[in-house]
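Both ligands and their constituent atoms are indexed starting at 1 by order of listing. Counting begins at 1 with the first residue of the sequence.
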Amino acid sequence: MEKLSERDKKHLWHPLTQHKTAALPKGIVKAKGALLWDEDGNTYIDGISSWYTAMYGHCNEHIVSAMSEQMKQLDFVMFSGFTHEPAVRVSEELMKILPSNQAKIFFNDNGSTAVEAAIKMTLQYHYNNGDKRDTIIAFEEGFHGDTFGAMSASGLSVYNGPFEDFLMKVERIPTPNKQNTEQVLDQLGAILANNKCAAFIFEPLVQGAAGMKFHSASGLDTLIQKCQGAGTLCIADEIMTGFGKTGRNFASDYLENKPDIICLSKALTAGMFPLSITSCSQKVFDAFYSEEMAKGFFHAHTFSAHPLGCTAVLAGLELLSSDKIVKRRAYIARKHEEFVLKIKDNPKVKDARCMGVVLAIDVETEMDRYGKLRDRLYKHFMDKGVNLRPLGNTIYTIPPYVIEDSQLQQIYDSIEGAIEIA
Ligand SMILES: *Cc1c(COP(=O)(O)O)cnc(C)c1O
């Protein structure tokens, strides 16, 4: 039989790929815990938990068995006119850990559509209140997904050229740090005064796709306060940061001023199922609650609240708060801190930082986001048996919480090797 990577070439079109120059993809035949197996029998440590989803490890038995039971009981039913136990329980369980102002759960089927729904909610919220608004505020270099609303809010316009004329109206501000917060606040004040701002959307504390860039919680807090003071709804895109990655359950837990809307996906279902959630406060929901049909939120995705996805969420939440995982999360965070101390003075390291299980190192080299050095580093990691995918000059890892000590060490060793060849 021809290899997967060869058969793939015939009819498949991969995301984020220029097929003319890309290397053939590796055929993966099995995954367990932190490990991936390719068709040649090589193993790779999944150092980014497959886009930050599989945080409890691949093929986690607790989640697999819950889902297979659910599959026999109720596979799927449309979520308009019907409801079911897994969805109701997800809403009950999430309310226990989401910021206390969150009151309602709206289901979608992936990260971009969670953002899309959030943006539409904010536009209709103002419309329903007789205060039509047309502008979204977002951070420079933010990433919120690839559908049109989400793409508009994303400041990382790597290859957005063909679509630029069709995007929504967005005003951008830099992320706040200790030095610039006053200046960003002034900039935000001017934007709020000169536009009808429906929403401010942000990745709280960590901008993932930008290269795991961190910003200040107190700075973000003042921006949220200013927006909310102007009636502009705040959307926290926690699709990357959610479910323990920053050390707390949600990055919003570090904020005093709570977002009106929160987007969740990725680790939400532990990588087992495409599903997402847009949660919101009672105030947002109330703007849609009316005798008038047209004031309702007419937005749906076929697979909304899929029972299998909801079951994965519930099993994942049990693990998230389990003794074992809580301890591992703290352990990884500590190990990351030690590693940062070890390498931060290396002359080839421009910056090393960590927060929770997120570890990022900027190397002292200028390069294109998808350039040759990235390919070289990516190959280095693969050769070392580690799946890490540098973003620009940033090497980062978000390992599964269940990663073993020796595997974590293997990641650190491979990063040190990469710094040397960068
Ligand atoms: C991945 C991601 C998205 C998009 O989610 P998809 O499921 O890929 O559409 C949006 N926002 C953030 C912060 C993400 O990390």
Side-chain angles (χ1 to χ4, degrees), residues 14-17 46 48-55 106-122 136-160 163 167-168 170 172 175 199-215 220 234-246 250-252 254-255 259 261-279 299 301-304 306 309 312-313 316 355-358 360 369 389 391-392 394 396-398:
H14 285 259
L16 305 174
T17 302
D46 193 355
I48 53 172
S49 307
S50 283
W51 277 336
Y52 348 127
T53 60
M55 299 309 293
F106 188 90
F107 282 101
N108 308 283
D109 54 6
N110 67 65
S112 300
T113 57
V115 169
E116 216 66 34
I119 291 175
K120 283 178 71 175
M121 266 180 202
T122 63
I136 308 293
I137 305 166
F139 280 140
E140 289 163 5
E141 290 196 286
F143 177 73
H144 301 290
D146 284 338
T147 52
F148 267 86
M151 179 170 57
S152 303
S154 298
L156 271 178
S157 57
V158 190
Y159 298 120
N160 272 356
F163 317 113
L167 300 180
M168 297 176 63
V170 176
R172 268 178 223 296
T175 51
F200 168 36
I201 184 167
F202 51 87
E203 293 164 89
L205 307 199
V206 185
Q207 290 186 297
M212 301 298 149
K213 294 206 170 122
F214 298 172
H215 55 261
L220 178 57
C234 292
I235 305 170
D237 177 349
E238 294 242 19
I239 292 167
M240 195 288 282
T241 49
F243 304 98
K245 300 199 190 80
T246 63
F250 302 100
S252 297
Y254 291 95
L255 301 170
I261 294 177
I262 299 178
C263 301
L264 304 169
S265 190
K266 294 209 163 107
L268 171 70
T269 55
M272 288 287 186
F273 207 86
L275 189 80
S276 65
I277 280 172
T278 309
S279 74
H299 180 101
H301 297 290
T302 304
F303 291 123
S304 293
H306 198 295
V313 176
M355 184 179 204
V357 301
V358 181
R369 189 177 171 80
R389 300 175 70 88
L391 292 163
T394 306
Y396 74 97
T397 177
I398 302 182

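Summary of contacts: the protein heavy atom closest to atom 5 (O) of ligand 1 is G111 CA, 3.2 Å. For atom 11 (N) of ligand 1, the closest non-hydrogen atom of the protein is D237 OD2, 2.7 Å. For atom 14 (C) of ligand 1, the closest heavy atom belonging to the protein is K266 NZ, 3.0 Å. The protein non-hydrogen atom at the shortest distance from atom 9 (O) of ligand 1 is S112 OG, 2.6 Å.
Side-chain atoms of S252 and E238 include a donor-acceptor pair closer than 3.5 Å.
For ligand 1, the atoms sitting less than 4.0 Å from at least one non-hydrogen atom of G145 are 4 (C), 10 (C), numbered in the order shown with element in parentheses. Residue contact check: N110 has heavy atoms under 4.0 Å from atoms 7 (O), 9 (O) of ligand 1.
Contact annotation for F143 and ligand 1: heavy atoms of both the backbone and the side chain come within less than 4.0 Å of the ligand. When non-hydrogen atoms are compared, ligand 1 lies under 4.0 Å from the backbone of H144 (N, CA, C, O) but not from its side chain.
Applying side-chain contact (heavy atoms from CB on, under 4.5 Å) to I261 and the options V115, I201, I235 leaves one that passes, I235.
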Determine, stepwise, if the pair F303 / F107 fulfils ring-ring contact (aromatic ring centres under 6.0 Å, His included).
-> CA-CA 9 Å; F303 291 123; F107 282 101; over 10 Å; no
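In this structure, atom 7 (O) of ligand 1 has protein heavy atoms in its sub-4.0 angstrom surroundings.
Checked against the 6.0 Å centroid criterion, the rings of F139 and F200 qualify as a close aromatic pair.
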